[in-house]
Amino acid sequence: MIIHEKYMQEALKEARKAFDSDEVPVGAVIIHENKIIARAHNQIKLLKDPTAHAEMIAITQAASFLKNERLTKCSLYVTIEPCSMCAGALVLARIDNIFYGAGDTKTGACGSVLDITNNSRLNHRIKVYPGILEEQSVTLLKEFFVSKRKLSSEV
């Protein structure tokens, strides 16, 4: 479990970068052979791109690093449960494992709302491990949305 916490701490560092840039604080890292090969955070506002989720950016970085569209022997660590877009991309990339912090009861696609990662009708399944440093992930998300509500009530 210690190694998973180490990698999730790296994802949390990325999430804090998103927080500091006024993006929803989601961070992700992708590991291959016990080495971080990709790290990203949400950049939706910055890039004016609804697909600029931390997971999507990390997938692109990892594929570039490996010079392969398949992320076999890779694991994703992400601070919140991936949405349907990200989960679908991870299935297509053939990633082996997803470790996430906070569950997402609104858009989670690794078992909360949908389970794209383990759908028997798809050609790949991903092992999913929820709740890695969950409290830190939830706290960061709550802080972000509390600050947003506070700002909107001041206007």
Side-chain angles (χ1 to χ4, degrees), residues 1-15 17-19 23-142 144-145:
M1 185 66 155
I2 300 295
I3 192 76
H4 300 306
E5 291 177 1
K6 171 188 163 192
Y7 291 134
M8 189 60 77
Q9 283 292 352
E10 293 300 315
L12 282 161
K13 286 179 188 176
E14 289 296 316
K17 290 179 188 176
F19 187 105
E23 299 272 3
V24 175
V26 178
V29 296
I30 295 179
I31 310 305
H32 179 260
E33 297 178 350
N34 299 315
K35 179 182 171 194
I36 296 175
I37 62 167
R39 55 177 66 238
H41 56 277
N42 275 2
Q43 296 182 48
I44 296 162
K45 286 183 168 190
L46 174 70
L47 300 176
K48 309 287 187 266
D49 180 356
T51 69
H53 290 199
E55 302 96 319
M56 299 296 283
I57 295 167
I59 290 167
T60 300
Q61 288 176 4
S64 178
F65 178 87
L66 294 172
K67 297 178 177 37
N68 194 325
E69 71 279 8
R70 302 287 183 241
L71 302 183
T72 55
K73 298 182 183 170
C74 290
S75 295
L76 170 76
Y77 289 80
V78 62
T79 56
I80 193 168
E81 179 181 0
C83 69
S84 56
M85 173 183 67
C86 295
L90 290 158
V91 167
L92 292 173
R94 312 288 196 278
I95 203 159
D96 291 349
N97 305 292
I98 297 172
F99 298 87
Y100 70 81
D104 186 345
T105 58
K106 292 185 180 179
T107 63
C110 298
S112 290
V113 177
L114 301 169
D115 195 355
I116 291 173
T117 55
N118 283 290
N119 187 317
S120 62
R121 292 174 285 183
L122 299 177
N123 63 343
H124 179 71
R125 274 106 5 273
I126 303 170
K127 292 180 190 131
V128 176
Y129 304 89
I132 311 296
L133 297 184
E134 180 177 20
E135 188 175 319
Q136 290 93 320
S137 297
V138 169
T139 298
L140 191 59
L141 286 162
K142 282 183 179 177
F144 179 78
F145 288 111

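Quantities reported herein were computed from a predicted structural model and do not represent experimental measurements. All heavy atoms count here, side chains included; hydrogens, waters and symmetry mates do not.
The shortest non-hydrogen separation linking A58 to A38 is O-CB, 3.3 Å. D104 approaches S112 most closely through the heavy-atom pair O-CB, 3.3 Å. Residues L47 and A52 come closest through the heavy atom pair CD1-CB, 4.0 Å. The minimum heavy-atom distance between L71 and A63, with the atom names listed, is CD2-N, 3.7 Å. Nearest heavy atoms, E5 versus L133: O-CD1, 3.6 Å. Of all heavy-atom pairs spanning C110 and V128, the tightest one is CB-CG1, 4.0 Å.
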Verdict with reasoning, N34 to Y7, per side chain to side chain contact (heavy atoms under 4.5 Å, CB included): CA-CA 10 Å; N34 299 315; Y7 291 134; 3.9 Å; yes
task: Start with the C-alpha distance between K106 and V113, add both sets of side-chain angles, then the distance that settles side chain to side chain contact (heavy atoms under 4.5 Å, CB included), and finish with yes or no.
output: CA-CA 7 Å; K106 292 185 180 179; V113 177; 5.6 Å; no
- request: Would you check, one step at a time, whether the test side chain to side chain contact (heavy atoms under 4.5 Å, CB included) holds for Y77 with N97?
  value: CA-CA 9 Å; Y77 289 80; N97 305 292; over 6 Å; no
message: Set out, in order, the CA-CA distance, both residues' side-chain angles and the distance that settles side chain to side chain contact (heavy atoms under 4.5 Å, CB included) for L140 and T79, then state yes or no.
response: CA-CA 9 Å; L140 191 59; T79 56; 6.0 Å; no
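Residues satisfying the salt bridge (Lys or Arg N to Asp or Glu O under 4.0 Å) criterion with K13, sequence neighbours excluded, are E10. When the side-chain hydrogen bond (donor to acceptor under 3.5 Å, both in side chains) test is applied to S137, no partner is found at least two apart in sequence or on another chain. By the side-chain hydrogen bond (donor to acceptor under 3.5 Å, both in side chains) test, H41 is found to be paired with E14, residues two or more places apart in sequence or in another chain being considered.
With rounding to the nearest 0.5 Å, the separation of CD1 in I116 from SG in C83 is 8.0 Å. In this structure, the separation between NE2 on H53 and CD1 on I59 is 11.0 Å, given to the nearest 0.5 Å. Atom CD of Q43 sits about 9.5 Å away from atom CG of D49, to the nearest 0.5 Å.
Aromatic ring orientation, F144 versus F19: perpendicular (interplanar angle above 60°, classes split at 30° and 60°).
No donor-acceptor distance shorter than 3.5 angstrom exists from the side chain of S64 to the backbone of T60, with no hydrogens or angles considered. No donor-acceptor pair closer than 3.5 Å links the side chain of H124 to the backbone N or O of A93. Formation of a donor-acceptor pair under 3.5 Å by the N118 side chain with backbone atoms of R125 is not found in this model. Between the side chain of N42 and the backbone N or O of P25 there is no donor-acceptor pair closer than 3.5 Å. With E55 contributing its side chain and A87 its backbone, the two residues share no donor-acceptor pair below 3.5 Å. Looking at E81, its side chain never comes within 3.5 Å of a backbone N or O of Y100 through a donor-acceptor pair. With R70 contributing its side chain and L92 its backbone, the two residues share a donor-acceptor pair below 3.5 Å.
Residues D96 and K127 fail the side-chain proximity criterion, which asks for heavy atoms closer than 4.5 Å. Between L141 and V24 the shortest side-chain heavy-atom distance falls below 4.5 Å. Taking the side chain as every heavy atom from C-beta outward, C86 and L76 never approach each other to under 4.5 Å. Within the 4.5 Å cutoff, the side chain of I30 has no heavy atoms near those of the Q61 side chain.
Between the side chains of T117 and N119, no donor-acceptor pair is found at a separation under 3.5 Å.
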